Amino acid sequence: MFFVMFVIGLITALVGSIAGLGGGVILVPVLLFLGDHFQSFEWVNPQAIVGISLVVMIFTGMSSAISYMKHQRVDKKIGLIFLYGSIPGGIFGSWLNQFFKADVFSLFFGIIMILVSLLFFIPRRQKGNSLFKTGIEREKMVDGKTFTYRMPFLIGLVLSFAVGMLSGLLGIGGGSLMVPAMILLLNIPPHIATATSMFIIFFTSISSSATHIALGHVEWAYTLWFIPGAYLGGTLGAAANRRLNGQAVEWFLRVLLIVIGIRLIWQGIW
């Protein structure tokens with residue numbers, strides 16, 4: 001069972017780091033499935049799953065963020081602004097998590113994943129045609145190309161609080177909502193959005209997991225076996241992301257979120 005946990009940590013972090021989601025969107029449904037079908041995972045419940053997911057994402061976020069920062073893909077200023085809202089939001093969401101039951105948890109999570117994936121099919125704004133005309137203007141160079149985008153401070157705070165709350169509530173790291181928001185609303189290039197998301201996930205996972213630890217939701221005897229695979233997977237995922245173009249990253253996100261959403265809605269209903 002411990003080898004299985006290492007492999008799960010590796011794969012979920014690898015996939016999550018490529019997409020900037022943190023791995024929680026994979027780890028959470030995998031643990032829900034194992035808890036329903038295998039006796040060795042009978043300890044699984046929504047609170048334990050979220051607690052494990054957030055602790056593991058500290059190490060996924062750390063390894064990914066370090067790799068992305070070495071290649072100058074993280075927008076630290078935007079990332080820090082998002083942290084102002086996502087950290088308190090994550091603590092609040094972690095507290096709310098204790099009131100959820102398994103079926104409602106799965107159904108709610110699945111619906112959110114489907115809705116987010118559908119946002120990627122909305123026609124994109126042309127380069128330079130930002131949704132917001134005022135706010136903090138940023139300029140970032142990736143692979144020899146210069147990109148500019150804007151983010152109003154208040155919009156960033158509200159958005160990050162909502163994402164942080166869902167992160168603490170669902171154990172998904174917030175990236176599954178943060179990355180689409182950065183790409184679709186702020187016109188941030190996918191490579192910068194995914195890298196900045198992993199930077200944010202590292203810090204929000206620390207605060208959110210601390211709340212779950214205080215509430216006694218973290219099963220340390222199992223959590224520790226996920227961490228080595230997650231750290232390795234985060235590094236490998238960041239390296240894989242750099243080899244993909246922006247459009248490939250977006251399609252990866254679309255397919256991943258739809259598959260996960262359908263699986264969880266089915267599980268929540270049946």
Side-chain angles (χ1 to χ4, degrees), residues 13 16-17 19-25 50-51 53-97 112 116 132 134-140 147 149-214 230-231 234 237-238 241:
S17 181
L21 307 185
V25 290
V50 174
S53 178
L54 289 170
V55 171
V56 169
M57 275 192 295
I58 293 174
F59 297 90
T60 304
M62 180 193 301
S63 60
S64 300
I66 290 172
S67 180
Y68 282 127
M69 288 174 71
K70 285 180 179 178
H71 292 84
Q72 304 296 315
R73 297 203 171 203
V74 176
D75 188 328
K76 300 184 188 70
K77 187 168 186 177
I78 293 293
L80 289 173
I81 291 172
F82 278 136
L83 285 175
Y84 295 150
S86 60
I87 288 177
I91 294 172
F92 180 60
S94 298
W95 175 78
L96 285 178
N97 170 270
I112 287 176
V116 170
F132 303 107
T134 60
I136 300 168
E137 184 172 357
R138 300 293 294 152
E139 185 175 282
K140 190 81 173 170
F147 299 90
Y149 43 91
R150 292 179 181 273
M151 187 191 73
F153 185 81
L154 184 58
I155 295 293
L157 283 181
V158 173
L159 176 64
S160 58
F161 181 86
V163 169
M165 182 182 69
L166 289 171
S167 169
L169 179 64
L170 303 175
I172 58 178
S176 55
L177 299 174
M178 189 72 77
V179 174
M182 285 193 283
I183 294 173
L184 300 173
L185 294 179
L186 305 178
N187 270 1
I188 297 178
H191 284 305
I192 298 175
T194 53
T196 305
S197 173
M198 295 308 300
F199 172 80
I200 297 168
I201 283 170
F202 168 61
F203 290 100
T204 55
S205 295
I206 292 174
S207 60
S208 297
S209 62
T211 305
H212 281 279
I213 291 171
Y231 190 89
N241 176 282

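Numbering starts at 1 and runs along the sequence shown. Note that the structure is predicted; figures quoted are calculated from it, not measured.
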Partners of Thr196 by side-chain contact (heavy atoms from CB on, under 4.5 Å), sequence neighbours excluded? Val74, Asp75, Met182, Ile192, Ile200

Excluding sequence neighbours, so at least two apart, what forms side-chain contact (heavy atoms from CB on, under 4.5 Å) with Leu159? Phe82, Val163, Ala181

By side chain to side chain donor-acceptor pair (under 3.5 Å) - contacts of Ser86 (at least two apart): none

OG-OH distance between Ser64 and Tyr231, expressed to the nearest 0.5 angstrom: 9.5 Å

side-chain contact (heavy atoms from CB on, under 4.5 Å) involving Tyr84 - partner list, sequence neighbours excluded: Phe153, Leu157

All side-chain contact (heavy atoms from CB on, under 4.5 Å) counterparts of Ile87, not counting sequence neighbours: Leu83, Ile91, Thr204, Ser207

Which residues satisfy the ring-ring contact (aromatic ring centres under 6.0 Å, His included) test with Phe203, sequence neighbours excluded? Phe199

Considering all heavy atoms of both residues, which atom of Gly234 and which atom of Ser63 are nearest to each other, and what is their separation? CA-OG, 3.3 Å

Given 3.5 Å as the limit, does a donor-acceptor pair link the side chain of Thr194 with the main chain of His191, or not? yes

May I ask you to decide if Ala238's main-chain N or O and Ser17's side chain share a donor-acceptor pair within less than 3.5 Å? yes

Grab the two heavy atoms, one from Ser160 and one from Gly156, that are nearest each other, plus how far apart they are. OG-O, 2.7 Å

For Met151 and Ile188: C-alpha separation, side-chain torsions, deciding distance, then whether side-chain contact (heavy atoms from CB on, under 4.5 Å) applies. CA-CA 10 Å; Met151 187 191 73; Ile188 297 178; over 6 Å; no

The reported gap from CZ in Arg138 to OH in Tyr149 (rounded to nearest 0.5 angstrom) is 6.0 Å

Give a yes or no on whether the backbone of Leu54 and the side-chain of Ser209 come within a donor-acceptor separation of less than 3.5 Å. no

So which heavy atom on Ala193 is nearest to which on Val179, and how close? O-CG2, 4.2 Å

Taken in chain and number order and not counting sequence neighbours, the residues that satisfy side chain to side chain donor-acceptor pair (under 3.5 Å) with Ser67 are Arg242

Roughly how far, to the nearest 0.5 Å, is the CD1 atom of Ile136 from the CD1 atom of Ile78? 6.0 Å

Considering residues at least two apart in sequence or located in another chain, which fulfil the side chain to side chain donor-acceptor pair (under 3.5 Å) criterion with Glu137? Arg150

Check whether any side-chain heavy atom of Phe59 sits under 4.5 Å from a side-chain heavy atom of Ser205, and report yes or no. no

How many angstroms lie between atom CE of Met198 and atom CE of Met57, to the nearest 0.5 angstrom? 8.5 Å

Of the non-hydrogen atoms in Ala13 and Ala230, which two are nearest, and what is the gap between them? CB-O, 3.2 Å

